[in-house]
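Only one structure is covered here, and it is reproduced in the block below.
Numbers restart at 1 for each chain; the letters A, B, ... are given by sequence-line order, proteins then strands.
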There are 2 protein chains.
Amino acid sequence: MKAESKEPTRYHHGNLRQALLAAARRLLEAEGHSNLSLRKCADAVGVSATAPQNHFPSKAALLTALAAEGYAELETYMRKGIDGTADRNARRNAALLGYVAFAQDHPALYELMFARDRVSSSDPELLRHVRACFAILAENSKDFGRFDGDAEKVAARQQMFLWSLVHGYSQLLTANRFKKESMLGESILDILPDLRS
Amino acid sequence: MKAESKEPTRYHHGNLRQALLAAARRLLEAEGHSNLSLRKCADAVGVSATAPQNHFPSKAALLTALAAEGYAELETYMRKGIDGTADRNARRNAALLGYVAFAQDHPALYELMFARDRVSSSDPELLRHVRACFAILAENSKDFGRFDGDAEKVAARQQMFLWSLVHGYSQLLTANRFKKESMLGESILDILPDLRS
DNA sequence: GCCTTCATGTGAGCAGCGTAAAGTTTCCCC
DNA sequence: GGGGAAACTTTACGCTGCTCACATGAAGGC
């Protein structure tokens, strides 16, 4: 019966919601998505099998919250290298390197973040974080590359180009689809084509 | 008891393996991955729940075979536009358009093809088809873009660049991650930067 | 023609899963 | 200190992948 004076709002067992998310993330990154179950999360936290339902209406809701957490962390990965950098090209490169680093550090979470049938992609909280990430890429894709169209069209194409490239690279890299001998000391900057006219 | 003289090897019910794959694919594209089960496939074909085990040692094995089928079809999508085209740039563009078309026509299957924890990515049959697809992209990425390094390095970077771009574009497109207003009449060729020096 | 063999398919059954419903504990507010 | 809501437990249901014991039927040797 030792008094634990840590969390402000303790009802019965603590703030279960965050504990479940943490356990889910641990299980996801340790044993992969197919070995993740609500019951295991509940076990890991020490509550009954149905306790999670008080905080997540479904398993998909928990995975969606996990994915949202992932996007938030992806944002900090990108910001880390950007903050304190003034040069425009250096900022763009830092964002790209941060993006790839996140995917490599958390491959299972990254895969979840793009799995349409496990995550409800219309969740507003999720969309908020997705848009925040995209905004960083969008900011740093200006004046990059030569594309046709009016200013608006060009900006959209620059953004789609950079996001496609960095996302495809990250996923193919974590899925081991690139030949090993091509990857020695390689980074995404090496496949960023020289676009200066 | 009509005599069906079609398949060479008929034992009890027909060639169940292919029938199961067809049913699995139908279920996958109709109801999504999370609603696909071996039992439903078996039901759809009209056999008992454990019959699939004679042809696939596990569910992952069936999904892997399905993914391999997907890569084979991706290859034909890419080849369709290439065959009969002589110009080098036109061939490359046709391969890219075919790639994206496949992902749009079969989004659930395309997602499965890159889902590391549902498919055993070391399966030799799967790898054969993956490599066949990559080979087409590799052939058509020559003399594209300006990259640093010796000839071998440049070739590897051209290939990684094109594959990253087309895969990222396909997945972000099917995941609806691009802004709708940017996508009106857009194609992947519009975000292929002008790389001529 | 019979009999063995073995691939193929069936049926019963198990542990684990997500989730629903009802009951129980704890806390807070009045 | 009593009422009520929030947090959690218990029980239960249908579905899942998978194992095991057994039935079936085609193939091939004698």
Handout entry: Strand-adjacent residues in residues 24-39 of chain A, judged by heavy atoms under 4.0 Å from DNA chain C
Key = S37(A), L38(A), R39(A)
Handout entry: Spacing of D43(B) atom CG relative to dG9(C) atom P, expressed in whole Å
Key = 15 Å
Practice task
Among the candidates dT19(C), dG11(C), dC8(D), find the nucleotide nearest to the side-chain atoms of K59(A).
Solution key: dT19(C)
Exercise for the section: Please round to the nearest 0.5 Å and tell me the distance separating atom CZ of F147(A) and atom CZ of R157(A). Expected result: 9.0 Å
Problem - Degree of bending, the helix from dG1(C)-dC30(D) to dC30(C)-dG1(D) (end axes from five pairs; round to 10°) - result: 0°
Exercise for the section: Provide, to the nearest angstrom, the distance between the NZ atom belonging to K40(B) and the C1' atom belonging to dT16(D). Expected result: 10 Å
Exercise for the section: From the options dG9(C), dC8(D), dT9(D), select the nucleotide whose nearest atom is closest to the side chain of L16(A). Expected result: dC8(D)
Fill in the blank from the handout: Rounding to 0.5 Å, atoms CG (L38(A)) and CG (D43(A)) come to a distance of 11.5 Å
Exercise for the section: Calculate the interatomic distance between F56(B) atom CZ and dG9(C) atom C1'; express it in whole Å. Expected result: 15 Å
Practice task
Classify the angle between the aromatic ring planes of F102(A) and Y77(A) as parallel (below 30°), tilted (30 to 60°) or perpendicular (above 60°).
Solution key: perpendicular
Handout entry: Verdict with reasoning, Y169(A) to F161(B), per ring pair (Phe, Tyr, Trp, His ring centres under 6.0 Å)
Key = CA-CA 8 Å; Y169(A) 181 84; F161(B) 167 76; over 10 Å; no
Practice task
Report yes if a side-chain nitrogen or oxygen of H55(A) is closer than 4.0 Å to either non-bridging phosphate oxygen (OP1 or OP2) of dC8(D); otherwise report no.
Solution key: yes
Practice task
Using atom CG of L20(A) as one end and atom P of dG18(C) as the other, report the distance to the nearest whole Å.
Solution key: 12 Å
Practice task
Name all residues meeting the side chain to side chain donor-acceptor pair (under 3.5 Å) criterion together with R26(A); count only those two or more places apart in sequence or in a different chain, and write none if there are none.
Solution key: none
Exercise for the section: Answer with yes or no whether the side chains of H106(B) and E29(B) bring together a donor and an acceptor at under 3.5 Å. Expected result: yes
Exercise for the section: Please report, rounded to the nearest Å, how far the P atom of dT16(D) is from the CG atom of L63(B). Expected result: 14 Å
Handout entry: Distance-minimising heavy-atom pair for A42(A) and S48(A)
Key = CB-O, 3.3 Å
Exercise for the section: Figure out the CZ/P separation between R17(B) and dT8(C), and round it to whole Å. Expected result: 11 Å
Problem - Quiz item: S58(A) side-chain donor-acceptor pair to dG18(C) base, under 3.5 Å - result: no
Practice task
Take atom CD of Q53(A) and atom P of dG18(C), then tell me their distance rounded to the nearest Å.
Solution key: 10 Å
Practice task
Indicate the ring-plane relationship of H167(B) and H167(A), choosing parallel, tilted or perpendicular according to the 30° and 60° boundaries.
Solution key: parallel
Practice task
Return the value, rounded to whole Å, for the distance between atom CG of N54(A) and atom C1' of dT25(C).
Solution key: 13 Å
Handout entry: Beyond-backbone contact of E111(A) with D117(B), side-chain heavy atoms, under 4.5 angstrom
Key = yes
